[in-house]
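Working notes, structure below.
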Amino acid sequence: MGRLPLSGVRIADFTWVGAGSYTTKMLADHGADVIKIESSAKVDGIRLSAPFKDGVKGINRSGYFADRNTSKRSITIDLRTAEGRELARRIVAASDVVANNFTPGTMAKFGLGYDDVREINPRAVYLAMSMSGDSGPERDFLGYGLTIGALVGIHHLSGLPDREPAGTGTNYPDHIPNPCHSAFAVLAALRHARRTGRGQYLDIAQTEPTIAVLGAAFLEATVNGRDPQPLGNAHLRYAPHGVYRCAGEDRWIAIAVTDDRLWPALRAVLGLPEESCPAEWATEAARHRDREVLDGLIAAATADRDADDLFTRLQAAGVPAGVVQDAADVVERDPHLRARGHWVRLEHPEMGETLYNAPPFQLTGTPATLTRPAPMLGQHTREICHEVLGLDDAEIARLRAEGVLA
């Protein structure tokens with residue numbers, strides 16, 4: 001494998017759980033030396049989160065942790081000790097980026113706030129990813145993906161009409177808007193540091209990047225004066241636009257007709273009889289007006305069809321469609337992901353062969369290939385102490401014995 005685009009960049013990674021870990025994972029997968037600074041006294045929460053390999057719990061057996069921490073190295077340091085804090089500062093001094101996603105003030109308690117880091121290493125980019133940012137009346141509030149989604153309106157818009165808010169079924173802010181915005185900000189700040197020799201403080205309130213994915217809803221409220229409501233799988237303009245049952249147990253297909261030219265193509269593939277489809281359904285407005293009747297007609301036409309075959313036929317006719325796949329479909333049976341080499345299997349020291357997502361984007365000139373699984377807790381402590389901190393074996397043994405490297 002050739003030189004990756006972030007080779008030579010070192011990141012002191014104090015992040016944990018979802019959004020922060022995924023941010024630094026993307027940078028690690030593209031060549032950055034990400035040193036995950038952990039503690040056996042209080043481990044990263046997702047090390048304790050299911051699913052566990054073979055159903056056996058353990059700090060090194062979480063599939064969730066593994067997928068969010070590929071390509072990183074782990075060192076265990078007890079930051080409650082003076083020597084531990086000094087070791088962390090020395091890693092910071094040798095790093096280009098310092099990342100955390102704690103509430104404001106937490107890092108400062110360890111002498112690792114932005115003002116401290118700026119004195120230690122003026123070139124360092126300081127990434128802070130709290131829920132509400134470093135200013136405002138809610139700066140000290142705790143939050144996770146679930147609470148962030150609720151605060152910004154995702155849950156208000158999710159689910160079926162006249163039902164309780166449903167959310168997205170996952171901590172959506174942790175996986176999409178916040179890691180991507182944060183990684184972009186880090187890259188921009190690294191470029192600035194390379195040109196000027198000066199780092200920057202990146203204050204990312206995780207609520208705010210998440211708001212960016214709801215632009216249409218906020219325009220509906222501010223421009224049109226209407227509060228958007230949950231629609232389930234429906235659409236404000238398009239019909240048909242929904243998920244329809246197919247043959248087999250729990251098999252479904254999503255179909256979206258977003259242009260009048262697609263309606264005849266859908267009719268042809270489904271074999272909808274002319275007498276069941278009024279001529280006025282040729283227009284978007286009429287189809288949307290009669291969407292409940294139309295949905296019933298389509299559901300009857302798809303009920304005995306094979307979802308994969310119907311998906312192929314609809315796509316060939318130019319109609320947007322997708323099979324509703326479960327996890328086993330996506331991992332084991334999706335031919336497109338297999339052809340693109342999306343799933344990567346790596347050998348983990350404790351879990352054995354484990355499955356990982358490839359990086360979410362591909363660079364043709366410097367493609368990233370996962371070669372190192374997520375680290376076990378403290379797996380690289382000795383290595384980092386030698387390479388980064390310049391400690392000899394005797395000093396490492398002393399620090400271990402005294403609980404500093406723990």
Side-chain angles (χ1 to χ4, degrees), residues 153-169 172 176 213-326 329-330 333-337:
I154 287 179
H155 290 192
H156 174 65
L157 295 171
S158 300
L160 297 172
D162 303 317
R163 297 287 296 274
E164 67 276 7
T168 58
Y172 180 82
I176 307 295
V213 304
L214 299 174
F218 288 110
L219 286 172
E220 178 74 6
T222 57
V223 175
N224 297 324
R226 292 193 293 264
D227 176 28
Q229 297 294 311
L231 296 171
N233 293 313
H235 192 277
L236 287 172
R237 287 174 45 201
Y238 305 136
H241 189 283
V243 176
Y244 306 92
R245 185 179 290 279
C246 293
E249 184 178 355
D250 202 26
R251 305 303 290 174
W252 304 76
I253 190 167
I255 300 173
V257 172
T258 58
D259 188 294
D260 287 342
R261 292 172 296 178
L262 299 176
W263 171 238
L266 174 66
R267 282 186 53 193
V269 173
L270 293 182
L272 299 180
E274 186 172 344
E275 60 272 17
S276 299
C277 301
E280 58 186 330
W281 282 4
T283 66
E284 175 184 285
R287 290 194 304 275
H288 194 267
R289 181 197 65 206
D290 299 337
R291 59 189 177 277
E292 291 185 6
V293 175
L294 180 56
D295 280 344
L297 184 66
I298 292 175
T302 63
D304 61 351
R305 302 286 291 267
D306 177 79
D308 293 287
D309 177 69
L310 183 55
F311 162 60
T312 302
R313 292 175 181 274
L314 287 170
Q315 286 286 348
V319 179
V323 177
V324 178
Q325 300 194 120
D326 60 23
D329 291 328
V330 175
R333 295 184 283 273
D334 190 301
H336 186 75
L337 291 174

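The figures that follow rest on heavy atoms only: side chains count, while hydrogens, waters and symmetry mates do not.
- In terms of modelled atom types and a separation under 3.5 Å, the side chain of Q315 and the main chain of A321 share a donor-acceptor contact.
- Closest approach of A217 to P228, counting heavy atoms only: O-CG, 3.3 Å.
- I253 places a side-chain heavy atom less than 4.5 Å from the side chain of L314.
- H156 and P230 make their closest contact through O-CD, 3.3 Å (heavy atoms, listed as atom of the first residue, atom of the second, distance).
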Under the side-chain contact (heavy atoms from CB on, under 4.5 Å) criterion, do L270 and L310 qualify, and how do the steps go? CA-CA 8 Å; L270 293 182; L310 183 55; 3.8 Å; yes
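- Legend: residues meeting side chain to side chain contact (heavy atoms under 4.5 Å, CB included) with L231, ordered by chain and number and at least two apart, are A234, L236.
- In this structure, D290 contributes its side chain and V293 its backbone to no donor-acceptor pair below 3.5 Å.
- Ring planes of H235 and H241: tilted class, angle from 30 to 60°.
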(message) I'd like to know whether V324 forms a side-chain contact (heavy atoms from CB on, under 4.5 Å) with R245, so could you lay out the CA-CA distance, the side-chain angles of the two residues, the decisive distance to 0.1 Å, and finally the verdict.
(response) CA-CA 10 Å; V324 178; R245 185 179 290 279; over 6 Å; no
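- Judged by distance alone, the side chain of D295 and the main-chain N or O of E292 form no donor-acceptor pair under 3.5 Å.
- Here the CG atom belonging to D334 is positioned 8.5 Å from the CG atom belonging to D329, to the nearest 0.5 angstrom.
- Contact of the V269 side chain with the V319 side chain is not registered, since no non-hydrogen atoms from C-beta on lie closer than 4.5 Å.
- Just one of T302, D306, D308 meets the side chain to side chain contact (heavy atoms under 4.5 Å, CB included) condition when paired with R251; it is D308.
- Applying the 6.0 Å contact sphere to CD of E275 captures more than 12 heavy atoms from other residues, nucleotides or ligands.
- Shortest non-hydrogen contact noted between L214 and G153 is CD1-C, 4.1 Å.
- Of the possible donor and acceptor atoms, one in the side chain of R287 sits under 3.5 Å from a partner among the backbone N and O of A239.
- A distance of 7.5 Å separates CG of N233 from CG of L160, quoted to the nearest 0.5 Å.
- Between P278 and S276 the shortest heavy-atom distance is CD-O, 3.5 Å.
- The distance from atom SG of C277 to atom CD1 of I298, rounded to the nearest 0.5 Å, is 8.5 Å.
- Taking CZ from R289 and CD from E280, the interatomic distance works out to 4.5 Å, rounded to the nearest 0.5 Å.
- Across all non-hydrogen atoms, the minimal contact from G159 to A166 is CA-CB, 3.8 Å.
- Atom OH of Y172 and atom OG of S158 lie 10.0 Å apart (nearest 0.5 Å).
- Between L262 and Y238 there is no side-chain heavy-atom pair separated by less than 4.5 Å.
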With side-chain contact (heavy atoms from CB on, under 4.5 Å) as the test, would you mind laying out the steps for I255 and L266 before giving the verdict?
CA-CA 9 Å; I255 300 173; L266 174 66; 4.0 Å; yes
L297 vs W281, side-chain contact (heavy atoms from CB on, under 4.5 Å): CA-CA, chis, key distance, verdict
CA-CA 13 Å; L297 184 66; W281 282 4; 3.9 Å; yes
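- Within a 6.0 Å sphere centred on CG of D227, other residues, nucleotides and ligands contribute more than 12 heavy atoms.
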